[in-house]
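Step one of this worksheet: look at the structure below.
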Amino acid sequence: MKPLIVANWKMNPATLEEAKNLFDQVKETGAVICPPFVYLSALRANGAQDCFWEEKGAFTGEISAQMLKDLGVEYVILGHSERRKYQKETDEIISKKIKAALGAGLKVILCIDRISQIKKDLQEIENWKLKIENLTVAYEPLFAIGTGKACPPERAEKMKIAVKKFLGPDTPVLYGGSVNSQNAGEYVKDAGFDGLLVGGASLKPVEFIDIIKNVC
Ligand code: PGA
């Protein structure tokens with residue numbers, strides 16, 4: 001299968017004009033591009049960085065999974081370590097979000113940095129073993145996110161094997177954390193990951209396109 005490459009733009013870029021410019025350069029790559037919410041409709045991007053667990057109502061500032069689906073979004077990142085840290089998202093909250101996203105027909109990219117999180121993050125989903133065909137897991141070790149210190153591929157591969165042992169061999173597992181065009185191949189071609197979740201390097205179009213060329 002073709003590797004799944006996901007661009008997590010985080011809270012970047014600073015203006016819609018820059019977002020359009022960046023998007024135009026990478027949109028033909030087939031990657032999942034996850035811009036901030038406010039740029040989603042202008043770009044018609046296929047990925048988002050979060051969603052809320054309720055369908056609608058008095059939840060100031062929140063965006064529902066249905067709203068994303070309605071805009072044509074296909075994938076949503078949930079459980080990112082920056083949301084766990086800055087928004088204090090717990091496994092219980094993440095689990096509710098996963099349930100809502102899968103229920104709305106979105107594909108979920110669940111970020112974890114340890115295996116024990118998977119079970120907790122799926123706690124709200126009854127019979128989750130039957131419902132995880134739209135679930136992808138991204139292994140993102142905390143020390144590797146945004147630090148330039150990528151995880152040694154052999155160590156990451158052990159986590160990939162453990163995730164597949166837990167969720168089954170068909171669950172795609174991505175690697176994320178300081179991915180660049182130099183190391184991308186080590187994760188996909190050597191360690192056998194099903195794709196990559198790319199943060200910082202996804203904001204540099206030439207570098208991002210090189211990552212894709214090096215793994216496809
Ligand atoms: P990074 O971020 O590629 O900048 O390390 C990855 C992520 O947080 O998803």
Side-chain angles (χ1 to χ4, degrees), residues 3-14 18-19 22-23 25-26 29 31-37 39-40 45-51 68 73-89 91 94 97-98 101 106-115 117-118 121 135-153 155-157 159-160 163 171-189 191 193-216:
L4 179 68
I5 310 299
V6 182
N8 177 11
W9 287 5
K10 309 190 180 185
M11 200 173 73
N12 299 292
E18 286 172 80
L22 174 57
F23 189 74
Q25 296 179 69
V26 298
T29 57
V32 175
I33 312 287
C34 305
F37 285 138
Y39 302 144
L40 274 176
N46 54 354
Q49 299 174 18
D50 182 41
C51 70
L68 297 177
V73 167
E74 200 183 342
Y75 287 88
V76 62
I77 297 170
L78 292 173
H80 193 281
S81 61
E82 285 153 14
R83 294 202 61 86
R84 292 182 194 258
K85 179 175 171 192
Y86 297 114
Q87 273 71 32
K88 307 273 181 279
E89 286 195 8
D91 292 308
I94 292 160
K97 291 185 170 190
I98 295 174
L106 293 172
K107 293 179 182 147
V108 170
I109 298 160
L110 168 63
C111 301
I112 57 150
D113 83 319
R114 15 176 214 269
I115 289 289
Q117 287 168 331
I118 301 177
D121 293 343
L135 183 74
T136 293
V137 172
Y139 170 54
E140 297 211 305
L142 289 182
F143 67 83
I145 298 177
T147 57
K149 295 194 182 92
C151 183
R155 186 168 153 191
E157 186 178 9
M159 278 296 286
K160 181 208 72 179
V163 173
T171 301
V173 184
L174 315 182
Y175 169 76
S178 296
V179 170
N180 57 40
S181 60
Q182 302 299 307
N183 62 23
E186 296 173 7
Y187 298 101
V188 176
K189 291 185 176 154
F193 277 88
D194 301 294
L196 301 165
L197 178 49
V198 186
S202 72
L203 301 169
K204 302 177 199 146
V206 175
E207 176 72 1
F208 187 62
I209 290 166
D210 276 348
I211 289 174
I212 295 172
K213 279 191 196 145
N214 290 349
V215 300
C216 291

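Side chains included, hydrogens not; waters and symmetry mates left out as well; all remaining heavy atoms used. We number each residue from 1, following the sequence as shown. Whatever order the structure lists ligands and atoms in, that order sets their numbers, starting from 1.
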State the atoms of ligand 1, each with its element, that fall below the 4.0 Å cut-off from a heavy-atom position in [X].
X	value
Leu197	9 (O)
His80	7 (C), 8 (O), 9 (O)
Asn8	9 (O)
Gly177	5 (O)
Ser178	1 (P), 3 (O), 5 (O)
Ile145	2 (O), 5 (O), 8 (O)
Gly200	1 (P), 3 (O), 4 (O)
Ala144	5 (O)

- Candidates Gln87, Glu89, Lys10 - the one meeting side-chain contact (heavy atoms from CB on, under 4.5 Å) with His80: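 The residue from Gln87, Glu89, Lys10 that satisfies side-chain contact (heavy atoms from CB on, under 4.5 Å) with His80 turns out to be Lys10.
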- Query: Considering the options Leu203, Val179, Leu22, Ile5, which one meets the side-chain contact (heavy atoms from CB on, under 4.5 Å) requirement together with Phe208?
  - Reply: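 Single side-chain contact (heavy atoms from CB on, under 4.5 Å) partner of Phe208 among Leu203, Val179, Leu22, Ile5: Ile5.
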- Among all protein heavy atoms, pick out the one at the shortest distance from atom 3 (O) of ligand 1; state its residue, atom name and that distance to 0.1 Å.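 Protein heavy atom at minimum distance: Gly199 N, 2.9 Å.
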- Query: How far is atom 2 (O) of ligand 1 from its nearest protein heavy atom, and which residue and atom is that?
  - Reply: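 For this ligand atom, the closest protein heavy atom is Lys10 NZ, 3.2 Å.
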- Before signing off on this row, confirm whether Ala201 and ligand 1 have an N or O atom pair separated by under 3.5 Å.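 It does not: no N or O of Ala201 is found under 3.5 Å from an N or O of ligand 1.
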- Query: When only distance counts, is Glu140 in polar contact with ligand 1, meaning an N/O pair under 3.5 Å?
  - Reply: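 N/O-N/O distance below 3.5 Å exists for this pair.
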- Query: Crowded around Lys189 NZ? As in, over 12 foreign heavy atoms under 6.0 Å?
  - Reply: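 For Lys189, atom NZ is crowded (more than 12 foreign heavy atoms under 6.0 Å).
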Is the backbone N or O of [Y] less than 3.5 Å from a side-chain atom of [X], with the two atoms forming a donor-acceptor pair by type?
X	Y	answer
Asp113	Glu140	no
Lys97	Leu78	no
Asn183	Pro153	no
Tyr39	Pro13	yes

- Evaluation steps, side chain to side chain contact (heavy atoms under 4.5 Å, CB included), between Asn214 and Val188: CA-CA 9 Å; Asn214 290 349; Val188 176; over 6 Å; no
- Query: Out of curiosity, is Gly146 lining ligand 1, as in a heavy atom under 4.0 Å away?
  - Reply: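 The answer is yes: ligand 1 sits under 4.0 Å from a heavy atom of Gly146.
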- Could you check whether the rings of Phe193 and Tyr187 sit parallel, tilted or perpendicular, using 30° and 60° as the cut-offs?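 The arrangement is perpendicular - the two ring planes meet at more than 60°.
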